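Since we're looking at a predicted model, the values are computed, not measured.
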Amino acid sequence: AFVLALAADPADLPAPITQQALSAFPIAVVLLITGLLTSYIVHSNDSRLDEVRRLGEALAAEKSQLAQIAENIPALIFHGDRDLRCRYANRRYAEFFGFTPENIIGKNVADILGEESARAIHSKLQSVLSGEWVHYNAVRRSAVDGRNHHLDISFVPEHDESGKVAGFYALKLDVTERHLAESALADSEAHLRLVAENVPAMIAYNDRDLVVRYANRRYLEFFGFDRESGVGRHIRDIIGAAAFEKAEPLLRQSLAGEP
């Protein structure tokens with residue numbers, strides 16, 4: 001403890017008291033400044049801690065929201081490092097290849113896809129690690145149902161703060177249903193074409209400009225054309241000007257939707 005005495009003139013104080021006060025004054029100033037600095041630092045640290053806490057809570061909420069999105073979108077999502085090891089995979093991706101979101105972490109691409117499939121995409125992995133976007137299609141067998149699935153796959157490079165490639169993201173969309181629908185449509189078209197080519201009749205399809213867009217073999221041969229030279233011509237050039245003059249009213253009537 002100390003006593004800080006102040007007076008208009010130190011000579012007014014008794015000599016012992018004046019000496020004691022003057023010797024204690026520097027210490028008092030130091031303690032006062034120390035107290036003020038301590039108070040400022042504590043207050044400042046409390047403010048910063050509150051700011052860090054609020055930022056942490058905001059980041060945690062954002063991370064949770066992003067995790068919810070990644071787990072619920074209809075896609076297979078994978079995040080790998082430069083060593084091709086899994087850093088994150090959503091549940092849909094992990095289960096497709098026979099893992100859980102927990103035990104797939106740290107697995108190499110070859111461990112997940114198999115050695116043969118990993119070798120097949122080696123050049124694509126090297127491309128994405130060189131900073132390129134990669135897109136391709138592949139067929140993979142699902143561990144969920146044991147069936148082959150057609151996947152539309154994109155590789156996107158991950159850059160760190162310095163701009164260097166730190167890893168990559170893989171987004172895989174299951175397009176099996178679309179592929180099956182397209183295949184079924186192609187099969188149906190092929191079947192209809194086969195029928196049209198073999199019926200004992202001349203068949204042609206013209207657009208609104210009366211340009212021949214399809215004609216079967218019998219039709220083309222009757223008028224002296226093959227598929228390359230006949231399809232794409234105006235019907236006038238196929239059947240002749242005189243025949244077209246007679247047929248045009250009926251053709252226009254048909255294009256107008258009249259029987």
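- A donor-acceptor pair is defined here as one N or O able to donate and one able to accept, closer than 3.5 Å; such a pair exists between the side chain of R82 and the backbone of L129.
- For E197, the side-chain hydrogen bond (donor to acceptor under 3.5 Å, both in side chains) partners at least two apart in sequence or on another chain are Y214, R227.
- Not counting sequence neighbours, the partners of H159 by the side-chain contact (heavy atoms from CB on, under 4.5 Å) test are P157, V165.
- Counting only residues at least two apart or on different chains, the side-chain hydrogen bond (donor to acceptor under 3.5 Å, both in side chains) pairs with a member in residues 123-141 are H135-D152.
- Not counting sequence neighbours, the partners of T100 by the side-chain contact (heavy atoms from CB on, under 4.5 Å) test are E102, N103.
- Ion pair D81/R87 not flagged as a salt bridge, since none of the NZ, NE, NH1 or NH2 atoms sits closer than 4.0 Å to an Asp/Glu carboxylate oxygen.
- Judged as a ring pair (Phe, Tyr, Trp, His ring centres under 6.0 Å), and not counting sequence neighbours, the contacts of F78 are Y93, F168.
- Residues L151 and I77 do not share a hydrophobic cluster, clusters being chains of Ile/Leu/Val/Met/Phe/Trp/Tyr side chains in contact below 4.5 Å.
- In this structure, the side chain of N90 engages the main chain of A75 through a donor-acceptor pair within 3.5 Å.
- Clustering ILVMFWY residues whenever any of their side-chain heavy atoms sit less than 4.5 angstrom apart, transitively, puts L84 in the very cluster that holds F97.
- Across all non-hydrogen atoms, the minimal contact from V199 to R218 is O-NE, 3.1 Å.
- Closest approach of P101 and A94 over heavy atoms only: N-CB, 3.7 Å.
- Hydrophobic clustering, with ILVMFWY side chains joined whenever heavy atoms are under 4.5 angstrom apart, groups I105 together with L76.
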Notebook entry, point to check: Yes or no on side chain to side chain contact (heavy atoms under 4.5 Å, CB included) for D237 and H234, after CA distance, side-chain angles and deciding distance?
Noted result: CA-CA 5 Å; D237 301 330; H234 194 279; 3.9 Å; yes
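- A181 is linked by a side-chain contact (heavy atoms from CB on, under 4.5 Å) to nothing, counting only residues two or more places apart in sequence or in another chain.
- Listed by chain and number, the residues in a side-chain hydrogen bond (donor to acceptor under 3.5 Å, both in side chains) with R252 are E248 (sequence neighbours excluded).
- In this structure, D145 pairs ionically with R147, as a charged nitrogen and a carboxylate oxygen lie closer than 4.0 Å.
- I121 and L173 are not part of a single hydrophobic cluster, where members link through side-chain heavy atoms under 4.5 Å apart.
- Here A143 pairs with nothing under the side-chain contact (heavy atoms from CB on, under 4.5 Å) rule; sequence neighbours left out.
- Under the 4.5 Å side-chain heavy-atom criterion for Ile, Leu, Val, Met, Phe, Trp and Tyr, L171 and V109 are members of distinct hydrophobic clusters.
- Partners of S229 under the side-chain hydrogen bond (donor to acceptor under 3.5 Å, both in side chains) rule, at least two apart in sequence or in another chain, are D226.
- A donor-acceptor distance shorter than 3.5 angstrom exists from the side chain of N108 to the backbone of A110, with no hydrogens or angles considered.
- As a member of the Ile/Leu/Val/Met/Phe/Trp/Tyr network built from side-chain separations under 4.5 Å, L255 groups with M202, L210, V212, Y219, L220, F222, F223, F225, I235, I238, I239, F244, L251.
- Here NE2 of H150 is found 10.0 Å from CD of E182. Values are rounded to the nearest 0.5 Å.
- The distance from atom CD1 of I104 to atom CZ of R91, rounded to the nearest 0.5 Å, is 11.5 Å.
- More than 12 heavy atoms of other shown residues, nucleotides or ligands fall within 6.0 angstrom of atom CZ in R213.
- Here Y169 pairs with H79 under the ring pair (Phe, Tyr, Trp, His ring centres under 6.0 Å) rule; sequence neighbours left out.
- Among residues two or more places apart in sequence or in another chain, the salt bridge (charged side-chain N to carboxylate O under 4.0 Å, His left out) test is passed with R236 by none.
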